[in-house]
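Heads up: the structure comes next, in structure tokens.
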Amino acid sequence: KLFERTSRSLELTRAGRLFVQESAYSLSHAERAWDLARYQAQIETGPYRIGYSPYIHSAFLPFLNNLRPVFHLPADEPSRVVLESVTTLESIERVLRGRLHVGLGAGPVIDGDLWVQVVGREGFSVCLPRNHRLAQKPALTAHDLHGEMMFWMPRSLHPRFYERVVKYFHSLGVKPILREVRGAAHALEFVAHGFGLAMLPRSVSRVSHAGTVFKPLTDRYLGVETVLFMRRDQRYGYLKELIDDLFARLLALKIEIN
């Protein structure tokens with residue numbers, strides 16, 4: 001008996017609740033099985049799907065826009081590479097389910113089923129109003145941010161990375177007032193209107209915005225790594241050769257801003 005019925009209600013029995021829970025697991029596993037089968041079928045024929053996070057270093061983007069040499073595609077052939085802009089967490093899930101062949105995201109990425117390699121690192125800069133008391137300093141440290149309103153990425157985009165940075169602040173006794181903002185453009189707008197500071201990847205400092213200045217944040221621990229990852233059990237044959245070539249070419253770019 002899975003349901004208790006009355007003239008006014010319909011409720012699951014204890015047995016019914018167990019049945020629903022296990023059935024959900026079965027459906028999820030069946031969906032994953034189809035995803036992995038489709039993934040395997042695409043390895044030789046494509047399209048090759050690559051997920052990339054908005055938080056990777058911007059210098060990687062021109063490279064990602066021309067992947068024909070990596071995947072040995074003739075110039076006159078339609079591209080069989082599909083790029084998907086997704087958060088790191090979404091990219092991890094899609095790689096594990098077989099919906100992406102490889103992901104490029106913000107570290108740390110820790111999962112025993114994934115092969116993960118660091119391909120670049122970038123420090124942070126602080127964007128602040130030109131008339132702010134810190135604007136005259138050539139560089140800033142984490143201690144300068146104590147008590148400051150600071151716009152930064154939402155925790156939900158990458159909880160592990162977010163918590164690592166917050167833990168570092170707390171280890172120094174530094175307590176900035178963190179406010180979540182999803183994109184750099186919005187963060188710059190808030191700073192330009194004098195609402196606070198913004199901690200952003202160093203490469204964003206190339207974007208000029210009236211009334212703001214960028215100062216490098218010298219704490220080496222405050223940085224973001226760009227990592228390449230794929231399923232460990234798919235590291236064989238043609239796909240492994242392709243991803244190893246991609247990895248070598250990304251390393252050759254030597255993307256590191258301290």
Side-chain angles (χ1 to χ4, degrees), residues 51-65 83-91 104-107 120-226 253 255-258:
Y52 68 95
S53 163
Y55 279 88
I56 67 172
H57 193 292
S58 59
F60 285 116
L61 298 181
F63 174 82
L64 291 177
N65 197 44
L83 296 177
E84 298 185 18
S85 179
V86 292
T87 69
T88 299
L89 288 185
E90 290 171 329
S91 190
L104 196 63
R121 187 186 184 282
E122 180 177 15
F124 283 118
S125 284
V126 176
C127 180
L128 57 161
R130 288 187 181 277
N131 59 358
H132 193 276
R133 63 180 180 82
L134 298 173
Q136 302 306 314
K137 299 188 69 170
L140 303 180
T141 70
H143 290 284
D144 292 316
L145 305 179
H146 181 72
E148 294 286 346
M149 178 78 72
M150 190 169 72
F151 295 97
W152 193 42
M153 63 178 287
R155 181 185 181 280
S156 59
L157 288 184
H158 201 327
R160 194 183 296 272
F161 175 59
Y162 184 98
E163 290 163 7
R164 187 176 73 177
V165 172
V166 170
K167 185 177 180 180
Y168 176 71
F169 280 137
H170 288 174
S171 73
L172 300 176
V174 174
K175 296 182 179 179
I177 303 168
L178 298 178
R179 292 290 180 267
E180 296 186 353
V181 61
R182 187 163 286 270
H186 289 167
L188 294 175
E189 284 293 333
F190 286 134
V191 174
H193 285 85
F195 296 142
L197 316 181
M199 189 169 71
L200 299 166
R202 194 73 56 87
S203 57
V204 178
S205 63
R206 298 197 302 264
V207 180
S208 61
H209 200 294
T212 66
V213 293
F214 283 89
K215 300 294 177 179
L217 199 55
T218 58
D219 301 62
R220 181 164 177 79
Y221 192 82
L222 291 176
V224 56
E225 291 179 336
T226 296
L253 296 176
I255 304 300
E256 183 163 359
I257 300 180
N258 298 319

Does the pair V224 and F161 meet the rule for a side chain to side chain contact (heavy atoms under 4.5 Å, CB included), with working shown?
-> CA-CA 8 Å; V224 56; F161 175 59; 3.9 Å; yes
With distance as the sole test, does [X] use its side chain to make a donor-acceptor pair with the main-chain N or O of [Y] at under 3.5 Å?
X	Y	answer
E90	T87	yes
K215	A135	yes
H146	K175	yes
T212	A192	no
E84	Y52	no
E122	R202	yes
T88	A106	yes
H193	E189	yes

I want to check something: taking the side chain as every heavy atom from C-beta on, are [X] and [Y] in contact at a cut-off of under 4.5 Å?
X	Y	answer
R182	S156	yes
L157	L89	no
L134	V126	no
R179	F195	no
C127	L188	yes
V174	D144	no
T226	R121	no
V181	F190	yes

Just do the side chain to side chain contact (heavy atoms under 4.5 Å, CB included) check on E180 and M153 with the steps written out, would you?
-> CA-CA 5 Å; E180 296 186 353; M153 63 178 287; over 6 Å; no
Looking only at heavy atoms, what is the nearest atom pair of [X] and [Y], with distance?
X	Y	answer
G194	P129	CA-CG, 4.2 Å
A139	T218	CB-CG2, 3.6 Å
L222	A142	CD1-CB, 4.1 Å
A187	A198	CB-CB, 3.9 Å
Y162	P154	CD1-C, 4.1 Å
P216	S125	CA-OG, 3.9 Å

Straight-line distance of [X] [atom1] to [Y] [atom2], nearest 0.5 Å:
X	Y	atom1	atom2	answer
D219	H143	CG	NE2	7.0 Å
L172	T141	CG	OG1	8.5 Å
L200	F214	CG	CZ	6.0 Å
H132	L197	NE2	CG	4.5 Å
I177	L145	CD1	CG	11.5 Å
L128	L140	CG	CG	6.5 Å

Evaluate the ring planes of W152 and F124, with Trp represented by its six-membered ring, and classify them as parallel (under 30°), tilted (30 to 60°) or perpendicular (over 60°).
->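 Aromatic pair W152/F124 classed perpendicular.
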Where does the angle between the aromatic ring planes of F60 and H57 fall among parallel (under 30°), tilted (30 to 60°) and perpendicular (over 60°)?
->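 Perpendicular, since the angle between the ring planes exceeds 60°.
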NZ/NE/NH1/NH2 to OD/OE distance under 4.0 Å, R133 and E148 =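 So R133 pairs with E148 through a salt bridge.
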Regarding R164 and the six-membered ring of Y221, is the cationic atom NZ or CZ under 6.0 Å from the ring centre and inside 45° of its axis?
->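 Cation-pi check for R164 and Y221: passes.
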